[in-house]
**Student:** 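Can you read through this structure? Questions will come right after.
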Amino acid sequence: MNTCTCFRRPRVCATTEHVAADLSLTGIDLAIIACYLAGSVVIGLWANRVTTGLRGYLVAGHSLGTALSVATMTGSELGLITVMYQAQKGFTGGFAALHIGVIAGLVALFVGLTGLIVVPLRRAGVMTIPEFYEQRFGRKTRVLGGTLLAVGGLLNMGLFLRIGSQFIVAVSGLDPSGGTLPAIMTGLLVLVLIYTVLGGMVSVVLTDYIQFVVLSAGLLLTVFLLLQQFGLDTLFATVDHHLGPAGLDPTIGEAGFGPGYISWMAVLGLVSVAIWPTAVTRALCARDEQVVKNQYILSSIGFLVRFMLPCLLGICAFTWLSQAPDTTLLTSSGGELVPASSGEVVTHFQVAGGRIQENIEAFPAMLPEVLPVGLLGIVCAAMLAALMSTHDSYLLCWASVIAHDVIAPVRASRGRPLSEPGQLLLTRVLIVAVGLWVLIWGVFYSPSQDVWDYIGITGAVYFTGAIAVLLGGLYWSRASATGAVLALLAGLSAIVGLGPVQRALGFVEPIPSWQVGLITLGISAVAMAAGSLLFPDKNVGGTTK
Amino acid sequence: MSLAAWQSLWTAVLYGGLGLFAVVSVYVAIAGFWDIRRMLSALAAEARESGETSGSDPTD
């Protein structure tokens with residue numbers, strides 16, 4: 001062991017084995033993190049006392065005010081997974097990646113001003129989106145929509161725990177080999193499961209509020225310190241040196257963007273705020289329609305920031321690595337890692353002959369080197385807050401969809417309806433089952449594309465069909481149940497966007513996920529229109545077919 | 001758009017976004033606390049009502 005001077009703060013490391021064999025977190029940092037985790041769980045458990053009935057458990061009794069709605073929406077949508085994948089986008093795409101946040105913020109503002117989709121859904125008084133499908137198109141559409149929603153959602157959430165654990169491993173300096181990653185994943189999952197299973201939405205909302213406060217303070221502080229340390233001019237100069245014009249201009253395709261990608265981001269922006277169930281559930285929890293609009297107008301800042309700030313952190317990480325001595329930036333070429341030259345996307349990096357790390361680990365690896373003791377603990381607590389607030393919402397959302405929109409309607413149609421306590425128990429069991437799924441998928445699946453692109457395309461399995469069905473169902477009186485079913489089934493074709501599926505189908509050149517997504521969206525829209533016109537409902541304008 | 005214009009745009013977006021987010025965060029932190037109190041009152045009232053209907057208080 002010798003003293004390593006390759007970082008701003010000298011660290012003890014074994015240069016021939018691992019760049020940082022010792023923990024990067026001090027006792028103070030660990031104490032802050034432990035206090036935060038314990039506090040979250042205690043408050044979540046306390047919420048169990050005030051939660052009664054299915055309406056309280058799933059939508060907090062439709063009782064959220066504007067500020068609390070914004071806190072819980074931002075808390076659940078600004079997850080650690082978001083921070084990690086957007087930092088990765090900033091790392092590989094430079095400032096051009098900021099367009100994702102700008103589009104998301106503008107779309108959220110538009111939805112807030114017009115009430116598009118979310119206000120009529122809140123007016124319908126439903127607890128989930130598939131419940132609206134039943135109101136408008138009948139029970140079969142609800143069950144199909146709920147099933148596809150669960151499939152897309154479970155695939156989409158599959159990497160959350162893995163990426164969150166990668167953050168902890170990278171920021172703490174732990175050795176990721178052996179059982180470290182699964183052990184951290186299990187520990188985090190158990191903490192979230194405890195309070196989500198018991199307290200439901202009330203627990204989620206209360207912990208989201210605390211997590212919002214910790215997260216926003218931690219994020220703002222980190223960005224402020226990093227901007228002071230690096231300087232915006234240095235960041236621009238580094239991006240310009242390595243990526244050239246493509247690092248600033250998103251319309252240039254070289255950094256992986258371009259007009260098609262931007263269009264796809266506009267679709268994802270709409271989906272994130274008005275179609276994706278975890279966001280829409282917040283609208284459905286709101287006290288009234290005006291709260292829904294206010295919630296979206298204010299949350300547009302959150303939707304901008306949830307992409308923008310992590311992008312900036314990724315750019316800082318890239319600049320940090322570019323400046324660090326003994327650092328090799330690598331790119332993947334023909335299945336092998338070779339030193340990256342200017343203009344090439346950096347997929348991996350190696351510091352001082354240590355472990356070769358993926359580009360997504362650059363941001364957490366930077367934190368211990370640039371943040372002082374104590375603040376590192378606060379930022380780690382903030383990132384754990386981000387992870388927990390997303391996990392609790394997603395676990396509750398997918399479990400409630402499976403219980404409330406798939407199993408319960410099927411049992412009801414067979415003359416064996418579930419009682420309300422029965423649905424509550426089933427939802428709790430499913431929360432645990434979804435948690436186990438996320439753990440298993442996270443251990444065994446390794447994505448072959450950027451995490452953001454993986455998330456976009458897995459979500460597309462559900463939302464490409466859902467966009468057509470929701471827009472048709474809410475705003476087109478001739479939309480029929482047949483059109484809705486066809487549109488939902490057409491959305492399944494988005495699965496072709498996944499790397500392993502393309503390889504299984506024998507595609508020589510991979511098709512970008514944004515192309516698959518846009519094509520699927522077009523097919524779903526045509527299916528909705530054609531199905532509705534060719535097979536109209538007998539009772540047009542009725543509520544239940 | 002020239003590269004200088006892109007640089008100016010991203011600088012404005014970054015600083016504008018940071019400022020707005022700081023303001024919204026302070027508002028949500030303060031007003032959210034009062035929203036929590038209202039939510040808990042509403043849930044407690046709902047629990048009382050359902051308790052009266054079923055003959056027991058589920059929050060006990």
Side-chain angles (χ1 to χ4, degrees), chain A residues 47 49-53 55-56 60-72 74 94-96 98-99 101-102 105 202 205-206 208-209 212-213 215-217 219-220 223-224 227 232-233 236 240 244-245 247-251 285 287 298-302 304-306 308-309 311-312, chain B:
Chain A
R49 296 181 60 210
V50 296
T51 306
T52 54
R55 209 170 76 99
H62 293 301
S63 60
L64 299 197
T66 302
L68 198 53
S69 297
V70 173
T72 187
T74 309
F95 285 92
L98 291 177
H99 78 274
V102 173
V202 178
V205 167
L206 289 179
D208 275 0
Y209 169 75
F212 173 86
V213 174
L215 177 61
S216 52
L219 209 51
L220 285 168
V223 169
F224 176 74
L227 281 177
L232 202 52
D233 289 339
F236 275 119
D240 184 43
L248 284 176
D249 183 352
T251 60
C285 290
R287 253 200 319 260
L298 281 176
S299 292
S300 63
I301 308 294
L304 163 72
V305 163
R306 79 186 270 246
M308 187 187 77
L309 294 190
C311 261
L312 187 66
Chain B
M1 250 171 100
S2 70
L3 289 181
W6 279 112
Q7 189 164 330
S8 303
L9 174 68
W10 297 137
T11 304
V13 165
L14 276 171
Y15 285 126
L18 275 171
L20 284 171
F21 185 57
V23 172
V24 169
S25 297
V26 171
Y27 162 73
V28 168
I30 296 168
F33 179 76
W34 297 107
D35 277 352
I36 286 176
R37 292 188 60 159
R38 271 201 293 269
M39 178 186 79
L40 294 177
S41 302
L43 288 168
E46 196 169 298
R48 272 195 303 275
E49 277 174 27
S50 69
E52 281 165 13
T53 312
S54 64
S56 64
D57 187 345
T59 57
D60 284 345

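Lettering of chains follows the sequences in order, A, B, ..., and the numbering in each one begins at 1.
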**Student:** Between A:Val305 and B:Gly17, which heavy-atom pair has the shortest distance, and what is it?
**Tutor:** CG2-O, 3.9 Å

**Student:** Kindly compute the distance separating CG (A:Leu68) from CZ (B:Arg38), expressed to the nearest 0.5 Å.
**Tutor:** 9.5 Å

**Student:** Looking at chain B, which one of A:Ile301, A:Leu309, A:Thr66, A:Leu312 has the largest number of heavy-atom pairs inside 4.5 Å, strictly under?
**Tutor:** A:Ile301

**Student:** Does a side-chain heavy-atom distance below 4.5 Å link B:Leu18 with A:Leu227?
**Tutor:**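 The answer is yes; the side chains approach within 4.5 Å.
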
**Student:** Closest heavy-atom contact between A:Leu220 and B:Ala22?
**Tutor:**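 Distance-wise, the nearest heavy atoms are CD1-CA, 3.9 Å.
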
**Student:** Side chain, backbone, both or neither: which part of B:Leu14 has an atom under 4.5 Å from a heavy atom of chain A?
**Tutor:**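 For B:Leu14, backbone and side chain are both near chain A.
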
**Student:** In terms of heavy-atom proximity below 4.5 Å to chain B, should A:Leu248 be classed as side chain, backbone, both, or neither?
**Tutor:** both

**Student:** Could you check whether any side-chain heavy atom of A:Phe236 comes within less than 4.5 Å of a side-chain heavy atom of B:Thr11, counting everything from C-beta outward?
**Tutor:**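 SC-SC contact between A:Phe236 and B:Thr11 confirmed.
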
**Student:** Report yes if the side chains of A:Leu232 and B:Tyr15 come closer than 4.5 Å at any heavy-atom pair, otherwise no.
**Tutor:** yes

**Student:** Can you tell me which of A:Asp249, A:Thr74, A:Leu304, A:Thr72 forms the most heavy-atom pairs within a distance under 4.5 Å of chain B?
**Tutor:** A:Asp249

**Student:** Determine whether A:Val70 and B:Tyr27 satisfy the following criterion, side-chain contact (heavy atoms from CB on, under 4.5 Å), listing intermediate values before the conclusion.
**Tutor:** CA-CA 10 Å; A:Val70 173; B:Tyr27 162 73; 5.9 Å; no

**Student:** Using every non-hydrogen atom in the two residues, find where A:Ala67 and B:Gly32 come nearest and quote the distance to one decimal.
**Tutor:**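 Reported closest heavy-atom pair: CB-N, 3.4 Å.
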
**Student:** Which region of A:Leu215, side chain (C-beta onward) or backbone (N, CA, C, O), has a non-hydrogen atom less than 4.5 Å from a non-hydrogen atom of chain B, or is it both or neither?
**Tutor:** neither

**Student:** Identify the heavy atoms of B:Met39 and A:Leu206 that sit nearest to each other, and give their distance.
**Tutor:** CE-CD2, 4.1 Å

**Student:** Could you tell me which non-hydrogen atom of A:Phe212 sits nearest to which non-hydrogen atom of B:Phe21, and how far apart they are?
**Tutor:**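 Minimum heavy-atom contact is CE1-CE1, 4.5 Å.
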
**Student:** Would you indicate whether the side-chain heavy atoms of B:Trp10 and A:Val102 approach each other to under 4.5 Å?
**Tutor:** yes

**Student:** Looking at every heavy atom in both B:Val28 and A:Ala71, which two are closest together, and how far apart are they?
**Tutor:**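 Answer, listing the atom of B:Val28 first, then A:Ala71: CG1-CB, 3.5 Å.
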
**Student:** Given the options A:Gly105, A:Ala217, A:Pro250, A:Gly101, which has more heavy-atom pairs under 4.5 Å with chain B than any of the others?
**Tutor:** A:Pro250

